[in-house]
Asker: 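Just dropping this structure here.
Remember, it's 1-based here, ligands and their atoms both numbered in the order they're listed. The chain is numbered in sequence order, starting from 1.
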Amino acid sequence: MSSSTSDSKLNVVVTGGAGYVGSVCAARLLESGHQVTVVDDLSTGHRDAVPSGATFVEGDVAEVADSLLADGYDGVLHFAGKSLVGESMQVPDKYWHGNVVTTLRLLDAMRRHRTPRLVFSSTAATYGEPATIPITEAAATNPTNTYGATKLAVDHLISSYATAHGLAAVSLRYFNVAGAYGQFGERHTSETHLIPIVLQVAAGQRDQVQIFGGDYPTPDGTAIRDYIHVVDLADAHEAALLRATAGQHRIYNLGNGTGFSVKQVIETCRAVTGHEIPAVVASRRAGDPAVLVSSSERAQAELGWTPRLADLANIVSDAWKFTQEHTAR
Ligand code: UDP
């Protein structure tokens with residue numbers, strides 16, 4: 001049973017809402033007037049990242065979903081999961097359990113309690129090494145790493161549940177998320193993502209950044225990615241939640257459609273921070289494709305969403321403010 005007060009104000013569960021993207025999305029949903037319950041086991045998230053207006057349930061999604069969803073919700077935004085390419089190659093069981101098994105349990109609980117809507121955090125890593133750039137949703141899905149393989153498996157799970165059980169589902173395939181939203185930003189205990197690492201060098205927390213691979217078939221030899229502001233990404237989730245259609249599983253790529261090389265990102269960070277940021281070229285990281293750039297035309301056409309904070313310097317600047325605040329503590 002739905003407990004929403006009107007059609008556009010929903011009562012939702014945000015799994016992984018103590019993490020980076022989940023916390024920003026939970027904060028934006030609350031600002032739009034939705035009711036939010038965050039579920040997070042705090043394995044990688046932070047209790048103080050849960051927005052103050054949200055109800056917080058500490059626990060593993062696979063274990064708490066059934067009892068929680070019995071209370072009646074309009075939807076689930078499922079961010080909880082494992083998301084590191086390198087780790088997924090070394091510890092695959094953590095990814096198959098944490099992404100696939102957990103989501104299966106969640107889907108079974110949603111089916112049992114007739115939770116009507118799902119928005120899932122998928123990834124560009126489902127595509128693997130693309131044949132053409134920019135990558136559309138029609139591109140072949142051949143993940144080059146276990147992380148992408150597990151997220152693709154979940155997309156297949158969701159499709160079959162949507163078709164068979166009437167779930168209204170949307171998978172959002174993120175390209176590289178960066179930036180921050182006030183107090184909500186990226187702070188992993190052992191950071192692996194490029195922009196936070198580069199900014200930690202600028203903040204004096206690391207000596208240098210390693211560039212993983214200087215021999216890619218790209219203009220400067222370093223890998224190219226499409227960086228999207230976390231606020232733009234979060235706003236696409238609300239649009240997806242509201243536009244999801246019963247019995248359908250829609251998939252949308254979310255990026256800005258522009259690629260920046262690792263070297264260009266480091267240069268932008270130097271310009272924004274005014275710090276030198278020493279960088280050295282190291283070997284490639286296993287599982288990394290050379291170029292990932294999104295076409296987000298489908299999301300823009302069907303979700304009525306447009307990225308508004310696309311400028312890389314602006315994305316880095318918001319991340320830098322967040323890094324400085326967290327360094328100062
Ligand atoms: N990267 C790098 N040095 C680092 C971290 C990342 O050169 O310390 C590269 C990485 O190999 C990839 C790009 O930066 O080409 C973005 O990596 P990130 O881990 O931020 O995101 P991913 O693309 O893996 O989702």
Asker: Any N or O on Ile197 sitting closer than 3.5 Å to an N or O of ligand 1?
Answerer: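 Checking ligand 1 against Ile197, no N or O pair falls under 3.5 Å apart.
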Asker: Heavy-atom count check: over 12 atoms from other residues, nucleotides or ligands less than 6.0 Å from Arg111 CZ?
Answerer: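 Counting neighbours around CZ of Arg111, 12 or fewer heavy atoms of other residues, nucleotides or ligands fall under 6.0 Å, so no.
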Asker: How far is atom 9 (C) of ligand 1 from its nearest protein heavy atom, and which residue and atom is that?
Answerer: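 Checking every protein heavy atom, the shortest distance to atom 9 (C) of ligand 1 gives Val262 CG2, 3.8 Å.
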Asker: Tell me which protein heavy atom sits closest to atom 11 (O) of ligand 1, plus the residue, atom name and distance to 0.1 Å.
Answerer: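 Looking at atom 11 (O) of ligand 1, the protein heavy atom closest to it is Asp288 OD2, 2.5 Å.
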Asker: Is there a ring-ring contact (aromatic ring centres under 6.0 Å, His included) between Tyr174 and His237? Walk through the geometry before answering.
Answerer: CA-CA 11 Å; Tyr174 308 169; His237 287 72; 5.4 Å; yes
Asker: I'd like the name of whichever of Ala124, Ala279, Ala223, Ser261 reaches closest to atom 15 (O) of ligand 1 through any heavy atom.
Answerer: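 Looking at heavy atoms only, the winner is Ala223.
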Asker: Which residue and atom name correspond to the protein heavy atom nearest atom 22 (P) of ligand 1, and how close is it?
Answerer: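 For atom 22 (P) of ligand 1, the nearest protein heavy atom comes out as Asn176 ND2, 3.4 Å.
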Asker: Quick check: are there more than 12 heavy atoms from other residues, nucleotides or ligands sitting under 6.0 Å from CZ of Arg105?
Answerer: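 For Arg105, atom CZ is not crowded (no more than 12 foreign heavy atoms under 6.0 Å).
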Asker: With a heavy-atom distance limit of 4.0 Å, tell me whether Thr192 approaches ligand 1 through its side chain, its backbone, both, or neither.
Answerer: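 Just the backbone.
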Asker: Applying a heavy-atom cut-off of 4.0 Å, say which part of His193 lies close to ligand 1: side chain, backbone, both or neither.
Answerer: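 Both the backbone and the side chain of His193 come within reach of ligand 1.
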Asker: Quick test: of every protein heavy atom, which one is nearest to atom 17 (O) of ligand 1, and how far off is it to 0.1 Å?
Answerer: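 The answer is Arg285 NH2, 3.4 Å.
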Asker: In the protein, what heavy atom is nearest to atom 20 (O) of ligand 1, and what distance, to one decimal place, separates them?
Answerer: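 Of every protein heavy atom, Leu194 N, 2.8 Å lies nearest to atom 20 (O) of ligand 1.
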Asker: Examine Arg28 relative to Tyr181 and say whether NZ or CZ is less than 6.0 Å from the centre of the six-membered ring and inside a 45° cone about the ring axis.
Answerer: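 Judged by the rule (NZ or CZ under 6.0 Å from the ring centre, within 45° of its axis), Arg28 counts as positioned above Tyr181.
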Asker: Between Asp48 and Arg187 (salt bridge meaning N to carboxylate O under 4.0 Å), is one present in this structure?
Answerer: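 Arg187 and Asp48: salt-bridged.
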Asker: Would you mind checking if Arg47 and Asp40 are paired as a salt bridge, meaning a charged N to carboxylate O distance below 4.0 Å?
Answerer: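 So Asp40 does not pair with Arg47 through a salt bridge.
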Asker: What protein heavy atom sits nearest atom 3 (N) of ligand 1, and how far off is it?
Answerer: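 Of every protein heavy atom, Gln210 O, 2.6 Å lies nearest to atom 3 (N) of ligand 1.
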Asker: Which of the numbered atoms in ligand 1 are below 4.0 angstrom from a heavy atom of Ile211?
Answerer: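 Contacts of ligand 1 toward Ile211, numbered from 1: 7 (O).
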Asker: Less than 4.0 Å between a side-chain N and a carboxylate O, is that true for Asp318 and Lys321?
Answerer: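 Result for this pair is yes, salt bridge flagged.
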Asker: Going by the closest heavy atom to atom 1 (N) of ligand 1, which one wins out of Tyr174, Tyr227, Phe212?
Answerer: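 Selected option, by shortest heavy-atom distance: Phe212.
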Asker: Check for me whether Arg173 meets the cation-pi criterion with Tyr127, that is, NZ or CZ under 6.0 Å from the six-membered ring centre and within 45 degrees of the ring axis.
Answerer: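 Checked: cation-pi criterion met.
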